[in-house]
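Note sheet for the following structure.
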Amino acid sequence: MKKVTLVLQDGTEFRGESFGYEKPVAGEVVFNTAMMGYPESLTDPSYAGQLLTLTYPLVGNYGVPPFTVEKNGIPTFMESDRIYAQALIVSDYSEHYCHWNAVESLADWLKREHVPGVTGIDTRQLTKALREHGVMMGRLLFDSSDNDLEEEDYGAINWVERVSCRDVVRYNEGGGHKVVLVDCGVKANIIRCLVSRGCEVIRVPWNYDYTGMTFDGLFLANGPGDPDKCVAAVETLRKQMSQSRKPICGICMGNQLLAKAGGAFVYKLKYGHRSHNQPVREVGTNRCYVTSQNHGYAVDAATLGKDWRELFVNMNDGSNEGIRHQTNPWFSSQFHPEACSGPVDTEFMFDRFIEAL
């Protein structure tokens with residue numbers, strides 16, 4: 001396998017071997033501490049523009065499932081239509097895979113989608129560097145000529161605009177409650193969770209003005225990057241909130257957009273929350289849940305308006321994990337209740353939304 005070097009923003013270098021597509025790439029280097037779920041993570045649009053490091057040492061042993069689409073238009077095993085991560089970095093890639101649902105190796109999938117994969121890197125040391133310094137930009141270089149690789153500033157890009165749908169898409173037409181889903185980079189299982197509860201889902205682009213549409217509830221999806229770049233989405237949301245009390249639910253980026261529409265500020269976490277084992281507590285109770293998460297920004301709960309309260313808090317660092325309005329049926333979670341992959345302990349968030357419709 002061809003030698004490849006990961007060069008971090010601070011000049012630190014890690015050397016490994018290529019097992020994916022061989023092309024130099026640059027992006028924000030992040031780590032995920034989940035033990036499984038690489039097909040779902042790689043196809044999660046929230047990883048757009050990022051070099052994804054998996055801390056679990058053995059990766060690839062269960063291969064990759066087929067890319068199939070259900071009759072309702074939702075991918076069966078993936079979270080979107082393609083891989084969105086810029087590259088995958090692992091400690092030990094397993095060349096041989098075995099799983100009842102696998103049709104190809106992780107290496108073959110990466111090559112087919114032109115995504116680099118690197119193995120043999122000390123991911124423990126890399127994760128320590130990211131935890132101490134915070135997330136950094138990084139470059140994967142295959143030879144000396146790759147030093148001229150252009151590097152985009154991750155924080156300066158509106159990644160939501162890059163991954164959102166361009167046209168309105170409908171699922172389960174003629175179903176029960178009509179739900180407008182604002183696509184900031186939505187995962188397929190969010191749509192599936194709504195459809196399985198009998199909803200007709202109207203998926204609209206992130207900057208679409210849906211305020212004149214006929215619907216029963218509004219759902220704000222997850223997505224990549226800085227929510228401060230999504231000015232149009234926040235303005236439309238404020239317009240909706242000023243003219244209607246219709247239920248609103250948000251997930252991940254949706255939590256941040258709802259908070260911003262309510263007057264709060266967001267900030268960038270030092271190294272983010274990306275895992276399947278983040279403990280959160282529901283405020284006002286002793287109920288704790290293990291959650292799946294993937295976000296680099298968080299809501300500053302101290303800046304919430306007087307009509308808003310925290311709904312969940314992170315038990316590791318105390319950061320916000322959800323908000324709610326005191327009188328209107330508007331609420332959200334920073335974590336992913338739809339999981340995929342990850343624990344499904346909090347899928348009741350969808351039930352709460354349906355009950356509010």
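Because only heavy atoms are used, hydrogens play no part in the values below, and waters and symmetry mates are left out as well, while side chains stay in. In this text, all values refer to a predicted model and were calculated from it rather than measured experimentally.
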Between [X] and [Y], is any side-chain donor less than 3.5 angstrom from a side-chain acceptor?
X      : Y      : answer
Asn32  : His276 : no
Tyr154 : Asp226 : no
Ser94  : His96  : no
Glu310 : Asn320 : yes
Asp44  : Asn294 : yes

Compare all side-chain heavy atoms of [X] with those of [Y] and state whether any distance is below 4.5 angstrom.
X      : Y      : result
Leu126 : Leu8   : yes
Leu181 : Ile191 : yes
Ile251 : His336 : yes
Ile202 : Glu200 : yes
Ser319 : Tyr267 : yes
Tyr297 : Leu269 : no
Asp92  : Val59  : no
Ser105 : Trp109 : no

Minimal non-hydrogen separation, [X] against [Y], with atom names:
X      : Y      : result
Phe14  : Thr12  : CE1-CG2, 3.6 Å
Asn255 : Ser332 : OD1-OG, 2.6 Å
Asn314 : Asn316 : OD1-N, 2.7 Å
Ile157 : Lys229 : O-CG, 4.0 Å
Leu257 : Cys230 : CD2-CB, 3.9 Å
Leu52  : Ala85  : CB-CB, 4.4 Å

Tell me whether [X] at atom [atom1] has more than 12 heavy atoms from other residues, nucleotides or ligands lying less than 6.0 Å away.
X      : atom1 : answer
Met1   : CE    : yes
Arg112 : CZ    : yes
Gln326 : CD    : yes

Below 6.0 angstrom between ring centroids: does that apply to [X] and [Y]?
X      : Y      : result
Tyr62  : Tyr97  : no
Phe348 : Tyr289 : yes
Phe219 : Phe353 : yes

Salt-bridge contact [X]-[Y] (side-chain N to carboxylate O under 4.0 Å):
X      : Y      : value
Glu17  : Lys2   : no
Glu347 : Arg197 : yes
Lys246 : Asp216 : no
Glu338 : Arg192 : no

Common cluster, [X]/[Y], ILVMFWY with side-chain heavy-atom separation under 4.5 Å:
X      : Y      : answer
Ile121 : Val115 : yes
Leu194 : Met78  : no
Trp330 : Val180 : yes
Val30  : Val266 : no
Phe331 : Val299 : no

What's the separation between atom CG in Leu218 and atom OG1 in Thr236, rounded to the nearest 0.5 Å? 10.0 Å
Can Gln334 and His295 be said to form a side-chain contact (heavy atoms from CB on, under 4.5 Å), step by step? CA-CA 8 Å; Gln334 187 61 60; His295 61 100; 3.3 Å; yes
Could you check whether any side-chain N or O of [X] sits under 3.5 Å from a backbone N or O of [Y], counting only pairs where one atom can act as donor and the other as acceptor?
X      : Y      : answer
Thr291 : Phe335 : no
Arg309 : Lys306 : yes
Thr127 : Thr123 : yes
Glu321 : Phe312 : no
Thr76  : Phe67  : no
Lys178 : Glu173 : no
Glu79  : Asn189 : yes
Arg238 : Lys260 : yes
Thr43  : Glu40  : yes
Thr303 : Asp300 : yes

Candidates Met253, Met241, Arg324 - the one meeting side-chain contact (heavy atoms from CB on, under 4.5 Å) with Leu258: Met241
Test side-chain contact (heavy atoms from CB on, under 4.5 Å) applied to Val160 and Pro45, Pro227, Pro205, Cys184, the passing residue: Cys184
Evaluate Asn172 against Val201 for side-chain contact (heavy atoms from CB on, under 4.5 Å), listing each step before the verdict. CA-CA 7 Å; Asn172 194 32; Val201 177; over 6 Å; no
Donor-acceptor pairs under 3.5 Å, side chain of residues 20-29 to any protein atom, not counting sequence neighbours: which ones?
from: Lys23; atom 1: NZ; to: His114; atom 2: O; distance (Å): 3.3
from: Glu28; atom 1: OE1; to: Gln50; atom 2: NE2; distance (Å): 2.9
from: Glu28; atom 1: OE2; to: Lys268; atom 2: NZ; distance (Å): 2.5

What pairs of residues pass the side-chain hydrogen bond (donor to acceptor under 3.5 Å, both in side chains) test when at least one of them lies in residues 201-214, not counting sequence neighbours? Tyr171-Arg203, Asp183-Arg203, Asp209-Thr211, Asp209-Lys239, Thr211-Lys239
Residues clustered with Val313, ILVMFWY side-chain links under 4.5 angstrom: Val283
May I have the step-by-step check of side-chain contact (heavy atoms from CB on, under 4.5 Å) for Leu110 and Ile83, ending in yes or no? CA-CA 8 Å; Leu110 292 175; Ile83 295 176; 3.9 Å; yes
Should Arg82 and Glu113 be marked as a salt bridge (charged side-chain N to carboxylate O under 4.0 Å, His left out) after you check the CA-CA gap, both sets of side-chain angles, and the distance that decides it? CA-CA 8 Å; Arg82 64 178 178 87; Glu113 296 219 15; over 6 Å; no
Should Phe31 and Tyr271 be marked as a ring-ring contact (aromatic ring centres under 6.0 Å, His included) after you check the CA-CA gap, both sets of side-chain angles, and the distance that decides it? CA-CA 8 Å; Phe31 64 88; Tyr271 45 82; 5.7 Å; yes
Run the side-chain contact (heavy atoms from CB on, under 4.5 Å) test on Leu54 and Tyr38 for me, step by step, so that the C-alpha distance in whole Å, both residues' side-chain angles and the decisive distance to 0.1 Å come before the verdict. CA-CA 9 Å; Leu54 301 182; Tyr38 55 79; 4.2 Å; yes
